[in-house]
4 protein chains.
Amino acid sequence: MIRVAILGASGYTALELCRLLLRHPEVEITALTTRQPGRPSLAEVHPALAGRLDLALEQLTTAEVAERADCVFSCLPHGASASAVATLLDADCSVIDFSADYRLRDVSVYEATYGVTHPDPERLPQTVYGLPELYRKRIKSARLVANPGCYPTAAILALAPLLRTNLISADTIIVDSKSGASGAGRQPKPNLHFPECNENLAAYSVGSHRHTPEIDQVLCDMANHDNQTKNPVRVLFVPHLIPMDRGILSTCYGVPQDKTSREIVLDTLRDAYQNEPFIRISESLPMTKQVVGSNFCDLTAQVVRDRVVVVSVIDNLLKGASGAAVQNFNLMHGFPETTALL
Amino acid sequence: MIRVAILGASGYTALELCRLLLRHPEVEITALTTRQPGRPSLAEVHPALAGRLDLALEQLTTAEVAERADCVFSCLPHGASASAVATLLDADCSVIDFSADYRLRDVSVYEATYGVTHPDPERLPQTVYGLPELYRKRIKSARLVANPGCYPTAAILALAPLLRTNLISADTIIVDSKSGASGAGRQPKPNLHFPECNENLAAYSVGSHRHTPEIDQVLCDMANHDNQTKNPVRVLFVPHLIPMDRGILSTCYGVPQDKTSREIVLDTLRDAYQNEPFIRISESLPMTKQVVGSNFCDLTAQVVRDRVVVVSVIDNLLKGASGAAVQNFNLMHGFPETTALL
Amino acid sequence: MIRVAILGASGYTALELCRLLLRHPEVEITALTTRQPGRPSLAEVHPALAGRLDLALEQLTTAEVAERADCVFSCLPHGASASAVATLLDADCSVIDFSADYRLRDVSVYEATYGVTHPDPERLPQTVYGLPELYRKRIKSARLVANPGCYPTAAILALAPLLRTNLISADTIIVDSKSGASGAGRQPKPNLHFPECNENLAAYSVGSHRHTPEIDQVLCDMANHDNQTKNPVRVLFVPHLIPMDRGILSTCYGVPQDKTSREIVLDTLRDAYQNEPFIRISESLPMTKQVVGSNFCDLTAQVVRDRVVVVSVIDNLLKGASGAAVQNFNLMHGFPETTALL
Amino acid sequence: MIRVAILGASGYTALELCRLLLRHPEVEITALTTRQPGRPSLAEVHPALAGRLDLALEQLTTAEVAERADCVFSCLPHGASASAVATLLDADCSVIDFSADYRLRDVSVYEATYGVTHPDPERLPQTVYGLPELYRKRIKSARLVANPGCYPTAAILALAPLLRTNLISADTIIVDSKSGASGAGRQPKPNLHFPECNENLAAYSVGSHRHTPEIDQVLCDMANHDNQTKNPVRVLFVPHLIPMDRGILSTCYGVPQDKTSREIVLDTLRDAYQNEPFIRISESLPMTKQVVGSNFCDLTAQVVRDRVVVVSVIDNLLKGASGAAVQNFNLMHGFPETTALL
C-alpha cells in the first residue's frame, strides 16, 4: 500500500486524481493540502466526493506531508511546486509534479516562459518528462516525474511518430488546438464567467502560450534535433477556448518531406503505438466525447492537398493531467500500467 | 430627441439597453458611467458595440449626468441607485431604475430584504412599479419608474390575472423558476465559473430570494389584498440556475378556488392581455428560446389533477430588464409603446 | 463469473452499462443485441469503448441470447422488452429490465399509459421494483427486476421517507423535475436537435408524463395506501428539459400534516437512509454535477412558508438507469452492493 | 415597398431573414413557401415570430410566387433552388439565392462538388457572388445574387486583402474553421442530436467540404489567378463542429511572400475595409459572441514565427447567410446598405 498525498487539492485535477486513486487497490490517500485556512473537509471542497474519503484539506508544511506520504502528487502552481518538490525528494518521497516546473530542461527557457526564477534549477537537466508513450523506460526508474501539460500531450502524441520517422518537416508544423474550459482551472476569471464563455469561441495567447516551448522541446527530441542548433522544431501553436467542460482536440498540420499517403501516415502512427494501452488509431475522425472520462488518446490522420493533417483528442483532465499522473505512478511503482485507469 | 444617460454601463443589462436605444429614432445616448477608472471606450467594455457609438464610460458625478441627459437609466446596484436617483429627480431628469430600490413600497420590507438603510425612503409609497401590463396608466405620468425584477416579471404576468379574478387561492402559490446565468450579472463568482455552472443544475436561495417580497407585493395588489392584512399573498418561490445564457421559465402552481378548466384559465389570461403588444397566449408549451432576443412574455396554462399550472417565459435581459425599461421609457415620453422593441 | 447479455445495446444506457460491467470483476459480457443489421462492432456504435471489448452487436434471437448468458439486461423499448423477458425467464436467465414493462402492477394502468397490450400480464402482480433503498430484500431473491424510471427514482427517493412517516399529506405533492437531454434516448428528434435544445428550456408532458403512475404507485406503497382506495397518492408531476447531457434535479413540494421543521425533515431522511451506500443527505443544496458519473442520489430539505421542499439530484443514466441496474445485479447475485459502482 | 417572398421558409436562415425583413421599412413579406403540406402558420413553424406576421407557409408553384413578389429569397436546397431561380428570373423577379447553385462559375466543379446535374448551367459564368466587400458594384446592378456560404464568408474576408496585395503565398493557406451547430440546418441528424453534439468537438469533412472550391474560386479572383492555370489558390480547409448555436471563427494561416509584420498585415486589412460598414478590425482577438446577432465580421491578425495568422468571426446565420442577403437586397434595390441591419 502506497501512502499518497496531494498538494493543492482544491482544483479540478486534484478532484479527478482523487476519483482515480480511490479506485486504486494499492493506494491510500493520507494527506490533502490547501492554502485555504479552516481545514475544510474534502466533501465541502468537492461535493462529488462526499462520503468517499473522510479527510480534510489542511495547511501542512512540506515536512509534515513527507512524514505522511510515500508518494506526492503536486497540483501546486509553478514556482511554488518546485520549492515543495525539492524538499520532498530530499525526504525520500517520490513525486509527480503537475506544474510546469520540471518540464523544460533549459532553465533560461523556463524563466523566459514563466517569468519567475526557478527555485531548483540544478535538477532540470535530468528530469523525466512523464509521457509514457515516449519515455516509459526512464519513468520506471524515476523518483520525480514532470507530468506533461494538456496541450503538449495532445500535440506530441499526434506528431512524435511523424518527426521520429522524418515523415514531416520540422519547421512547418501548425498545431491548432481547441480546449474545454476546465483546462483553465477553478479560479473564477472574467473570460471564464459563464455568460462570457458559454456560446462563445475565441483564440487566445496566439503565438505566446506557455505550452509552446514544451511542445518544441519534446518534438525536438523526437526529430533528433537540439534546441540549441540552428534548425529546431518551432511549432506554431494556437489554442482556442471551447464552450464545454472537458476535452482537447488538436488539429496538427505538417508538410511531408516526401510524397506520402494516408495509409503511410496511419501505419506510422500504428507502428509507433501498437502496444500502447491508451492510444487508439482509427480511420474515422475522433470526437472529444469518446475520450472524456478516460485516459485514452484517439488519433487519426489524413493527407489533403499534399499536407498531413493529424487529429488527436484527449480528456484534458485525465490523459492531459490526472490520468497520465496515475499512469506514471503505476510505472514508477511497478504496478500494471492500466491500474485504476480502465 | 431625448438625451439619455446610462449609469453603471458595464453590465449585461446596459449592453442590451444600448442595443435597443441605438435603434430608437428619438434617443441620443449622451453619457455612460462606470466606477472603473480610465475612461474605457464602450467598444472595450462591450466589443459587440464597437463602431456603433463613439462614447467612453466615465466616472461622472450625478450632477454632470443631469446636465447631459433628460432621462437616466440607472443600472447601479441597490442602495447606490437610490442615492443617485434622488439627485437626478431633483435636477428634473426622468429616471428608470433597474435596481430594487423603488420596487417595494414598505421601507421595512426593503431594509429586511436588502440589508441596507434606504437613502430615500419618503419617495417609496408613491413610486410606480414599471410593469406596463398592470400599471400602464401610472407609468405614463411617472417621472420615476421602478423597473421590475426579472423573476417577478415572469411570475407576476403568469399569475396576476388569476388572482385578480379570484380564480386561484392566494395562499397556495408555488413559483418554481428556472433562469439562465446572465441574470446573475457580469461579476465572476465561483458558482458562475464556466466549469461549475455548465452541465450543472441547482436550486438556490430556496425560500429566501430577494425577489419574493416583490412578487408578493404585486400579487397582493392584484388580489385586492394588503400586505398588512391577515391573508396576504405569500408565494413559495424557488429559483434554479440553468446552464444557458438567457431566458427565464416559471412554472407556477395554484389551487383553484372553484372547479375550473383549462379553457377558463386560458380565457382569463386572454381577456387580461388581449391588447397587450408583448404578451402572447398559446395552447402549446412555450420555450425560452422563442422569446430570447425579444420583449415578449409567452404564456400557457393547464389544469392538472385539480391544480392550475401556468408556464411563462421571458428573456431575463429584455422583458425582464432592458426591454421593459425601453417600454417604460416609451410610455413615459409618449412614444409608441413598441418603438425599438420589435 | 456471470455471463451477461445486453439487449438493445446501441443506446446511452447500454453504453453506461458496458462501462460499469467492464469494471465488474465477476462479469463477462458475452452478447450484445441490436435491431440494426450488419453486425456493427461495439467500437463503431460506441467509439468510447473501442479497444475495451471485442464484441459485435448482433441480431440474435432470444433463444440464442439465453444460451450465451446467465443474466440479461434488457434495454429494449417497452412492449418489445416484455416479450423477450418472458422467454428469457423461461430459459432460466435472470433479467433486469430497463423498460417500463414490469414496473406497474396494474395492467390496465400500464395499458392506458403506454398504449399497448401487455404481452406478459400474468407476471405483473409479483414483479419486483428495483429500487434497492425501498425493496432490497425482495430484489435479493428476484429473478426479474423492473429497473425504475429515472424521474421516479429522483422523486421517490426524495419523498418516500416523508410519506412512510406521514410527515406530508399524500394529496398535495408537486414534483417539478428538470432533466438533461440524454434521458430522451439516442434517437434524433426535432426537440433534441442541438440548435433547438441548446440554450433553451421548456416544460413538457405537463400532467401526462408516463412516469406519473410509476411515482404514484410506489409512493402509495409508502403511504400504506392502495391505488384502488379513495385517497391514493396523486402526484402533480411536471418535467422540464434542460440543455445539458446528464442529471436530474427534482424539486418536490409537500404540505406537512403537522407543524414541522427543517431538522425534523432532514432527520427523517437521515433515519431512512442511514445505511444506504448511495444516498447522501446534506444541508447544502445539491447540484446535479456532484452526482453525474456516479450512482449517488444527493438530498436536502427545507421548510419554507409552511411547506416542505425536498431537492434530489441523480445522474439519470446511472442511479436513474444503469447504475441502479448494476446495484440490482449485485443484490440478485450476492455480490457486495457497491461492486463496480464506486 | 418591395414585395418579398421566401422559398423554403421553415429553416433557421429563413427565421433570421424574417426577423430582419420585419424591421425593413421598404419590405412587405407576401409569400412563404414550404414542402410541408397543411399550410402551417408562421407561428407554428417559428414560434418566435408568433404575432409578428400573419402568414402561412404554403406549397406554391414558382409562378404563384412570381405573381406575389418582386424579389425572392431562395432558402431551397441546392439543385432545387436553381430550378426555381431560373423561372423566377424569367418572370422578372429579382433573386437572392442562399443555395450553392450560382456560386461556382465552373459547372464541372459544381457538379463534382454537389453530385448533381446543374439545371441552369448557362447562367453560371455571369452570376454575381454576393460578398459586398468584394463585389459591391456588380451586386448593385444584379438581378440574381448568389449569397455566399458561411465558411467562405469568414475565410474570404480574412484572406482576400492579403492575396490581393500578394502579402501571402497563394499555395500555403490553411483555414481551420470552427462553427456552431445552426450552420448544419434544422433537420435532425445523429451528429447534431443534443447528447452527441453537446460537450463534444470534432473535425469533419477534412479536405472534402463543399465550401472548399468556393473559397478557392474567390481567393483566386483576388490573387489574379485563374483556376485553370498552374498555380491556383488551393486552400486546405478543415471545419470543426462546436457545441454552440451560432458563430464561426476561422483561424487562417499563411506564409508571407516577404518579411512582414503585424502592423503591415493589420494596415492591409484596414486599407481594404476602411469604408466597410460591417467589417471591424481590432488589435484584440475577436470572439464569436461579439458578432452573434449582428451582421459584423470582426478581424485581427498576428505574425508569429514567420507566419501570418488572421482570425475572423461572424454570425453564420447573419453575415454568413441572412444578414448578407439583406445587405445584398439593399444594394440591389438602392436602399442604404445598412437598412434593417443595425
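We name chains A, B, ... by the order of the sequence lines, and we start the count at 1 in each one.
Among the candidates D:D176, D:V304, D:L249, the residue making the largest number of heavy-atom pairs closer than 4.5 Å to chain A is D:D176. Of the listed residues A:P286, A:P243, A:S208, the one with more heavy-atom pairs under 4.5 angstrom with chain D than any other is A:P243.
Under a 3.5 Å cut-off, the side chain of A:R305 and the backbone N or O of D:V235 do form a donor-acceptor pair.
Looking at D:E199, both its backbone and its side chain come within 4.5 Å of chain A, counting heavy atoms on both sides. For a residue to count as touching a neighbouring chain, one of its non-hydrogen atoms must lie under 4.5 Å from one of that chain's; by this rule D:L285 touches chain A with the side chain only. Only the side chain of D:T212 has a heavy atom closer than 4.5 Å to any heavy atom of chain A.
Contact annotation: the side chain of D:T251 never approaches that of A:K178 to less than 4.5 Å [non-hydrogen atoms, C-beta and beyond]. The shortest distance between side-chain heavy atoms of A:T300 and D:V206 does not fall below 4.5 Å. Between A:L236 and D:V309, the closest side-chain pair of non-hydrogen atoms falls below 4.5 Å. By the 4.5 Å heavy-atom criterion applied to side chains, D:L201 and A:M244 are counted as neighbours.
Listed in order of number, the residues of residues 181-198 of chain D that approach chain A to under 4.5 Å between heavy atoms are D:P195, D:E196, D:N198.
Here the shortest heavy-atom pairing between A:R234 and D:R307 reads O-NH2, 3.7 Å.
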